[in-house]
Amino acid sequence: MFDDRVFSGVQPTGNLHLGNYLGAIKNWVGLQKDYETIYCIVDLHAITVPQKPENLKVATQEVAACLIASGIDVNSSILFNQSQVPQHAELAWLFNCVARLGWLNRMTQFKEKAGKNRENATVGLYAYPTLMAADILAYKATHVPVGDDQKQHLELTRDIAMAFNSMFGESFFPLPEPIIKKTAARIMSLRDGASKMSKSETSDYSRINLNDEDDLISQKIKKAKTDSEPLPDNIKALEERPEARNLIGMYASLTNQSENTVLLEFSGYGFGKFKPLLAECVINTISPIRNEMNRILSDKAELNRILVDGAEKAASIADPILASCKRVIGFVQSVE
Ligand code: TYM
């Protein structure tokens, strides 16, 4: 009943890292050939925690350059920054009046980000998932490629769509499906196999940024936490070894193989032997992205033009959807 349409987003809160790339962006690139694809740099989400204006601007341009350098083709995908399409924020308000406090109270990302000082968190951080639902449903998107950490927000998006549909018309919104790649669903920190690789982690050695120089990548992998056991020949044997499992997952994802296939090849290897091979793989993927990103960033005017152009295309899809949403709610509008 709904045409297939892919939507996804990424926050401009610093450099993109290997977790973003393997968990989401690589997938975004692959989906372009089979789907209508809309990709958004979610700057309205970024300001749910304080951002310095000059940093926000640079990060937005860097993320845009990084996405294009990673293979997002702006002639076949729509690429834009969220704040240029006001329909997102307007639909989010409508969803604030559909979503229940109880639903938002369950969100683990809010709990993690707000930390102990919850009273001091912004209202925006709390309402973040209703804006995310609006991002997706403003386009009636049917598929959302994300990493595993966004699964709960996707479930909430489906709950909002279902609640809206039962209030205003059975099949108004689709119930979007997450697309989560199994091998790279959650790339973990290089310093701690129990926490995910993240832009907000203080140690830069916990992650590989997509603009890291080759030498730095080698150093980071060399210093990555591991254990002294050799690699086994199957993934089940790595259940209690999260750091080792993480590095195998990275290698598998970078080389488009299953983790078991990788382990069959490297079974018996110690990390002293495996890490340089992994580093080589990471460098082979990242170094062309980094070089292309720097080239794209040398023409900011062109980059801004691409985002304005993408925003116009995005608004032309979202605007009639928002208008029909407002009509079914009962708002008086100029065009009836
Ligand atoms: P963000 O900016 O944190 O991350 C962007 C994408 O990268 C994935 N990701 C990871 N995947 C695997 N391992 C990791 N360590 C890792 N870290 C991040 C995320 O799952 C995500 O897919 N709320 C979203 C942005 C957003 C959005 C949307 C996404 C806003 N509106 C609508 C989809 C649809 C976020 O903060 O992603």
Side-chain angles (χ1 to χ4, degrees), residues 5-29 31 37-49 51 59-60 62-63 66-67 70 72 80-83 85 88-89 91-92 95 107-110 112-113 124-125 127-158 160-161 176-201 206-210 242 245-246 249-250 253-254 314 318:
R5 181 177 279 157
V6 166
F7 180 95
S8 199
V10 58
Q11 294 199 54
T13 45
N15 290 320
L16 295 190
H17 52 68
L18 196 62
N20 297 128
Y21 179 74
L22 295 178
I25 292 152
K26 193 174 171 200
N27 218 353
W28 296 11
V29 172
L31 290 164
T37 42
I38 305 174
Y39 297 129
C40 182
I41 302 162
V42 293
D43 47 10
L44 296 176
H45 279 96
I47 64 160
T48 55
V49 295
Q51 301 291 338
T60 303
E62 282 181 356
V63 169
C66 192
L67 292 175
S70 301
I72 300 301
F80 67 106
N81 59 313
Q82 192 183 22
S83 60
V85 180
H88 291 237
L91 186 58
F95 288 168
M107 297 295 113
T108 52
Q109 183 172 296
F110 174 74
E112 279 163 20
K113 288 202 172 172
L125 189 65
Y128 183 114
T130 61
L131 178 59
M132 183 159 157
D135 298 337
I136 299 165
L137 295 173
Y139 304 93
K140 296 193 173 177
T142 52
H143 295 82
V144 185
V146 281
D148 186 56
D149 60 332
Q150 296 302 315
K151 210 168 156 187
Q152 195 184 34
H153 287 159
L154 251 293
E155 279 158 16
L156 188 93
T157 301
R158 292 166 64 91
I160 290 177
E177 298 282 346
I179 304 180
I180 300 178
K181 274 261 156 86
K182 216 168 131 252
T183 21
R186 195 176 279 252
I187 298 289
M188 308 312 272
S189 155
L190 297 178
R191 311 298 273 168
D192 170 12
S195 53
K196 70 171 183 187
M197 187 176 283
S198 148
K199 292 171 223 170
S200 50
E201 170 65 46
S206 68
R207 65 186 158 260
I208 291 168
N209 303 304
L210 295 190
R245 191 187 168 135
N246 190 36
M250 273 180 202
S253 176
L254 286 161

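Remember, it's 1-based here, ligands and their atoms both numbered in the order they're listed.
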(request) Please lay out, stage by stage, how Q152 and T108 fare under the test side chain to side chain donor-acceptor pair (under 3.5 Å). (result) CA-CA 8 Å; Q152 195 184 34; T108 52; 3.1 Å; yes
(message) Less than 4.5 Å apart, side chain to side chain, heavy atoms only: is that true for H45 and Q82?
(response) yes
(message) Between L131 and V42, is there a side-chain heavy-atom distance shorter than 4.5 Å?
(response) no
(message) Using the side-chain contact (heavy atoms from CB on, under 4.5 Å) definition, which of the options E62, K199, R207 pairs with N15?
(response) E62
(request) With sequence neighbours excluded, give me every salt bridge (charged side-chain N to carboxylate O under 4.0 Å, His left out) pair touching residues 130-153. (result) D148-R186, D149-K196
So what's ligand 1 close to, N/O to N/O, under 3.5 Å?
{"residue": "ligand 1", "atom": "2 (O)", "partner": "Q11", "partner atom": "N", "Å": "2.9"}
{"residue": "ligand 1", "atom": "2 (O)", "partner": "K199", "partner atom": "NZ", "Å": "3.3"}
{"residue": "ligand 1", "atom": "4 (O)", "partner": "N20", "partner atom": "ND2", "Å": "3.3"}
{"residue": "ligand 1", "atom": "7 (O)", "partner": "N20", "partner atom": "ND2", "Å": "3.1"}
{"residue": "ligand 1", "atom": "11 (N)", "partner": "G19", "partner atom": "O", "Å": "3.2"}
{"residue": "ligand 1", "atom": "13 (N)", "partner": "I187", "partner atom": "N", "Å": "2.8"}
{"residue": "ligand 1", "atom": "15 (N)", "partner": "I187", "partner atom": "O", "Å": "2.7"}
{"residue": "ligand 1", "atom": "15 (N)", "partner": "M197", "partner atom": "O", "Å": "3.0"}
{"residue": "ligand 1", "atom": "20 (O)", "partner": "G147", "partner atom": "N", "Å": "2.8"}
{"residue": "ligand 1", "atom": "20 (O)", "partner": "D149", "partner atom": "OD1", "Å": "2.4"}
{"residue": "ligand 1", "atom": "22 (O)", "partner": "G147", "partner atom": "N", "Å": "3.1"}
{"residue": "ligand 1", "atom": "23 (N)", "partner": "Y128", "partner atom": "OH", "Å": "2.6"}
{"residue": "ligand 1", "atom": "23 (N)", "partner": "Q150", "partner atom": "OE1", "Å": "3.0"}
{"residue": "ligand 1", "atom": "31 (N)", "partner": "D135", "partner atom": "OD2", "Å": "2.6"}
{"residue": "ligand 1", "atom": "36 (O)", "partner": "Q11", "partner atom": "NE2", "Å": "2.9"}
{"residue": "ligand 1", "atom": "36 (O)", "partner": "Y128", "partner atom": "OH", "Å": "2.8"}

(request) Give the ring-plane orientation class for F7 versus Y139, where under 30° counts as parallel, over 60° as perpendicular and anything between as tilted. (result) parallel
